[in-house]
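One is the number of the first residue; the rest follow in order along the sequence. Any value given below was found using the heavy atoms of this structure, including those in side chains, with hydrogens, waters and symmetry copies removed.
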Amino acid sequence: MAPDYPIRTERLLLRPFTGLDLEALHSWQSREDVVRYLYGGPRTLEESADQLMTRAAVPWPSKAGEDLSLAVELDGEVVGEVVLKWLSEANRQGEIGYVLHPDHHGRGIAVEASEVLLRLAFEELGLHRVVAQCDPRNTASWRVMEKLGMRREAHFRHNEVFKGEWGDVYVYALLEDEWSASSGT
């Protein structure tokens, strides 16, 4: 059952994407500095429009393999997105991710929005384990994971060819009981 949107935090509003969010989504998807550590390159407006349709199509995942993407609003402006991927129903596994427009980096927005995703993952979807991954050079991203209470479980060296060179990956994780202990639920 989908949560009651929008979800409000101290400073943010999280909600499913709508067709009105194209300009905001494209504002970060089109930037080389934003996609540096993401798969693919900067997107055209048409590619962002396709991505927007995909994001808006799943207001709540109903089965493993579906991704929940929520727009992150600050003071009425969409400044980024957070994603919860339901990886496995049988193993109760998921993955979170986040992307913010660079104008809003360094303000704790990714942590605040991702805490909502972790709550949804553990308390609404009933997941047992949630992971997050990043390139080790993306210091800001792995610091978000650590602020969320996630622990680094792996450093895969030369894990894959990424943008023409061998890339490393950090894998962080949080278990359901660790979430419960830290959140007081």
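- Both tests do not hold together for R119 against W179: distance to the six-membered ring centre under 6.0 Å, angle to the ring axis within 45°.
- With hydrophobic clusters built from ILVMFWY side chains whose heavy atoms lie under 4.5 angstrom apart, M150 shares a cluster with V116.
- Heavy atoms only, all atoms of each residue included: P136 and D168 are closest at CD-O, 3.2 Å.
- Ring to ring, F162 and Y39 are close: their centroids are under 6.0 angstrom apart.
- Nearest approach of V131 to A173, heavy atoms of both residues: CG1-CB, 4.0 Å.
- Using a 4.0 Å cut-off between charged nitrogen and carboxylate oxygen, K63 and E89 do not count as a salt-bridge pair.
- Under the ring-ring contact (aromatic ring centres under 6.0 Å, His included) criterion, H155 pairs with Y170, sequence neighbours left out.
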Kindly indicate, with the supporting measurements, whether the criterion side chain to side chain contact (heavy atoms under 4.5 Å, CB included) is fulfilled by L22 and L45.
CA-CA 8 Å; L22 179 58; L45 184 61; 3.9 Å; yes
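- Annotation: R8, atom CZ; neighbour count of heavy atoms from other residues, nucleotides and ligands within 6.0 Å does not exceed 12.
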Take V82 and I96 through the test side chain to side chain contact (heavy atoms under 4.5 Å, CB included) and record every step on the way to the result.
CA-CA 7 Å; V82 288; I96 62 167; over 6 Å; no
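- Within the 4.5 Å cutoff, the side chain of Y37 has no heavy atoms near those of the C134 side chain.
- Residue F156 qualifies as open at atom CZ: its count of foreign heavy atoms under 6.0 Å is 12 or below.
- Side-chain atoms of D67 never come within 3.5 Å of backbone atoms of L84 as a donor-acceptor pair (strictly under, hydrogens ignored).
- When hydrophobic clusters are built by joining Ile, Leu, Val, Met, Phe, Trp and Tyr residues whose side-chain heavy atoms come closer than 4.5 Å, directly or via intermediates, V99 is not grouped with L13.
- Closest approach of P42 and E47 over heavy atoms only: O-OE1, 4.0 Å.
- Under the rule for a salt bridge (charged side-chain N to carboxylate O under 4.0 Å, His left out), R107 has no partner lying at least two apart in sequence or in another chain.
- When every heavy atom of Q93 is checked against every heavy atom of W86, the shortest pair comes out as O-CD1, 3.6 Å.
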R15/D4 under salt bridge (charged side-chain N to carboxylate O under 4.0 Å, His left out): CA gap, chis, key distance, verdict:
CA-CA 9 Å; R15 59 165 177 79; D4 188 22; over 6 Å; no
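- Here the CZ-CG distance, from R129 to L127, works out to 11.5 Å after rounding to the nearest 0.5 Å.
- Atoms CG and CG, from N159 and D135 in turn, are 10.5 Å apart once rounded to the nearest 0.5 Å.
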Step by step, work out the salt bridge (charged side-chain N to carboxylate O under 4.0 Å, His left out) result for R151 and E146.
CA-CA 6 Å; R151 81 187 134 350; E146 291 180 353; over 6 Å; no
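- Around CD of E160, the count of heavy atoms belonging to other residues, nucleotides or ligands within 6.0 Å exceeds 12.
- By the 4.5 Å heavy-atom criterion applied to side chains, V161 and E165 are not counted as neighbours.
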Could you walk me through whether I7 and L120 pass the side chain to side chain contact (heavy atoms under 4.5 Å, CB included) test, one step at a time?
CA-CA 11 Å; I7 299 170; L120 293 173; 4.0 Å; yes
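- Without hydrogens or angle criteria, H128 side chain to N91 main chain gives no donor-acceptor distance under 3.5 Å.
- One finds the OG atom of S114 at 9.0 Å from the CG atom of L14 (value rounded to the nearest 0.5 Å).
- Between atom CD of residue Q29 and atom CZ of residue R43 there is a gap of 4.5 Å, rounded to the nearest 0.5 Å.
- The same ILVMFWY cluster, assembled from side-chain heavy atoms under 4.5 Å apart, contains both V111 and L174.
- When side chains are defined from C-beta on, L117 does not count as touching E95, because their heavy atoms never get closer than 4.5 Å.
- Hydrophobic clustering (side-chain heavy atoms under 4.5 Å, transitive across Ile, Leu, Val, Met, Phe, Trp, Tyr) groups W60 together with L118.
- No hydrogens or angles considered: a donor-acceptor pair under 3.5 Å links the side chains of E81 and W28.
- Residues Y172 and R152 bring a donor and an acceptor atom of their side chains to less than 3.5 Å of each other.
- Taking CG from L12 and CG from L70, the interatomic distance works out to 11.5 Å, rounded to the nearest 0.5 Å.
- Rounding to the nearest 0.5 Å gives a distance of 9.0 Å between CZ of F122 and CG of D177.
- Using a 4.5 Å heavy-atom cutoff, the side chains of I109 and H101 are not in contact.
- The two residues S48 and L25 come nearest to each other via the heavy atoms O-CD2, 3.6 Å.
- Residues V83 and K85 meet the side-chain proximity criterion, which asks for heavy atoms closer than 4.5 Å.
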Passes side chain to side chain contact (heavy atoms under 4.5 Å, CB included), E77 versus E73? Steps please.
CA-CA 5 Å; E77 176 187 0; E73 284 188 19; over 6 Å; no
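- Scanning all heavy atoms of the two residues, the minimum distance from L68 to P59 falls at CD1-O, 3.2 Å.
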side-chain hydrogen bond (donor to acceptor under 3.5 Å, both in side chains) assessment of S62 paired with E66:
CA-CA 7 Å; S62 61; E66 291 187 341; 3.1 Å; yes
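- With a 4.5 Å cut-off on side-chain heavy atoms, M145 and S141 count as touching.
- Both L100 and L74 are assigned to one and the same hydrophobic cluster, defined by single-linkage of ILVMFWY side chains at heavy-atom distances under 4.5 Å.
- Around the NZ atom of K163, the shell of radius 6.0 Å holds more than 12 heavy atoms that belong to other residues, nucleotides or ligands.
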